[in-house]
S.K.: 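Structure in structure tokens, see below.
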Protein chains: 2
Amino acid sequence: MFKKVIIAEDFEEFNLAVQQTLNDFNIVNFQHAKYCDDAFLKIRKAIQDNEPYDLLISDLSFKKDHREVKIGSGDELIQKVRELQPEIKIIAYSIEDKSARIKSLFEDAEINAFVLKGRNSIEDLKKALTIISASDQKFISHEVASILQEKGNYEIDDVDIKILKYLSDGTSQDEIIEIFKNNDIKPNSKSAVEKRLAKLKDFFKANNTIHLVSITKDMGII
Amino acid sequence: MFKKVIIAEDFEEFNLAVQQTLNDFNIVNFQHAKYCDDAFLKIRKAIQDNEPYDLLISDLSFKKDHREVKIGSGDELIQKVRELQPEIKIIAYSIEDKSARIKSLFEDAEINAFVLKGRNSIEDLKKALTIISASDQKFISHEVASILQEKGNYEIDDVDIKILKYLSDGTSQDEIIEIFKNNDIKPNSKSAVEKRLAKLKDFFKANNTIHLVSITKDMGII
DNA sequence: TATCGGATTATGGATTTCCGTAAAATACTG
DNA sequence: CAGTATTTTACGGAAATCCATAATCCGATA
């Protein structure tokens, strides 16, 4: 079982529950941070002191408040920690159930477990701890397990997302093309953008561009 | 202080924290429900037994799962409870920070306190309990307090919302007009809908309709 | 009933988006 | 290098939306 754990979680309620769970596993050496920045600093410090953490339990969404932060989301924190300390085990612990985001966590940041906050999340957290401490097996809450099997959104690339984001931000297609040209983004012709939008509308079964933006917002893609 | 409390909250973590807080106030007679339906039944039963609750602490968003429910959100639960038992005190306890929703809770359902889940929510919960048990004063977490002062969205009516919802659902303006005509919704001409959209875009400072839908989605209006 | 004001509806032209076709550029293959 | 395939770009007409103006309806009031 894990010896030294760090929790990144802004809500007291979840912190309390996680700590209680760790106690149940007789893990007493843990710390928590309410901001991603703090968590990252602690992890780096621990490495320097040659006493690295062997598990990170991190929330994904952190509330913004008065404090200015460098790392604003758990996704970023996890990514940076994975680079800094590749062998650390990571549990994402979040209410997030958007497939795009979870998928990218497993594929890009290579998290070891995803525990969905919900009616029985503590149970899941215990399972995750048991499984990933004993092996390199992954764990994912069953409510969202299916999304890992989903045939990929691999057809949707970075440029598509950019277009969608700009659209949802009130930018017209003409303006987007201008921006793309000024920033040397590769397909930047009127018809290329139009074609991509047509493809996206087809893919997401959207009736029109408004619908498309609405759908992709709901799915957490933008 | 309150004698008999019911908590409607689907997350174990929050239930635990709230119950601990009640214990701190020496409130021992409380129950909790993970589904709105259950909470409502308990409240009704308590009235019939002549032992009504004097406080409801309710979350707003409840996760959907396999179980079929009649009351799907805290907003609905609160509304129904307020009708059933007008004198009960109600604390909304939620992560929700969309002004439209909070405002309507105070104005329509006349909740007594709104506690925002966040880094210091337990502190706020204690304040709310103290204040509303002793008087008819309202409490609202300071992070969202400002929105009650906001000049109203009173310019936006039911038809506006309908239009926005249909748009975000992929319906074209022409189709919306058709639907309005078939359902005898009062302004149902091309230009009336266009005029309303122009007004909304002006109000929300949206560049175009896509932007408008995106903004109103973010604000929780649709 | 006459008239005023506000809201709704009608109309038409400018702009933007939509969508199909075709040319041009680029990549890949033998 | 020729030939094929894929991607990007160009063009143009159809459709939808945007926007300003004008006509019409409808309730309130004296």
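Quick note: numbers below take in every heavy atom, side chains included, and nothing from hydrogens, waters or symmetry partners.
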S.K.: Using a 4.0 Å heavy-atom cut-off, write out nucleotides 10-19 of chain D from 5' to 3' as B (base contacted by protein), S (sugar-phosphate only) or - (no contact).
M.R.: B------BBB
S.K.: Between A:Asp157 (CG) and D:dT6 (P), how many Å, whole number?
M.R.: 18 Å
S.K.: Quick check on A:Lys138: does its NZ atom have over 12 non-hydrogen neighbours (other residues, nucleotides or ligands) under 6.0 Å away?
M.R.: yes
S.K.: Of A:Glu9, A:Glu96, A:Glu13, which is the lone residue that meets salt bridge (charged side-chain N to carboxylate O under 4.0 Å, His left out) with A:Lys117?
M.R.: A:Glu9
S.K.: Using modelled atom types only, decide if a donor and an acceptor are shared between the side chain of A:Asp157 and the backbone of A:Val159 within a distance under 3.5 Å.
M.R.: yes
S.K.: Can you measure B:Arg196 atom CZ to C:dG6 atom C1' for me and round it to whole angstrom units?
M.R.: 13 Å
S.K.: For the pair made of CD in A:Glu175 and P in C:dT15, what is the distance, rounded to whole Å?
M.R.: 15 Å
S.K.: Give the minimum heavy-atom separation between A:Val69 and A:Asp37, together with the two atoms involved.
M.R.: CA-OD2, 3.2 Å
S.K.: What integer distance in Å separates B:His211:NE2 from C:dT17:P?
M.R.: 14 Å
S.K.: Which label fits B:Phe180 and B:Tyr166: parallel for a plane angle under 30°, tilted from 30 to 60°, or perpendicular past 60°?
M.R.: perpendicular
S.K.: Output every pair passing side-chain hydrogen bond (donor to acceptor under 3.5 Å, both in side chains) with a member in residues 207-218 of chain B, not counting sequence neighbours, ordered by first then second residue.
M.R.: A:Ser214-B:Lys217, A:Lys217-B:Ser214, A:Lys217-B:Asp218, A:Asp218-B:Lys217, B:Lys201-B:Thr209
S.K.: What is the distance, rounded to the nearest whole Å, between atom CD1 of A:Ile176 and atom P of C:dT16?
M.R.: 13 Å
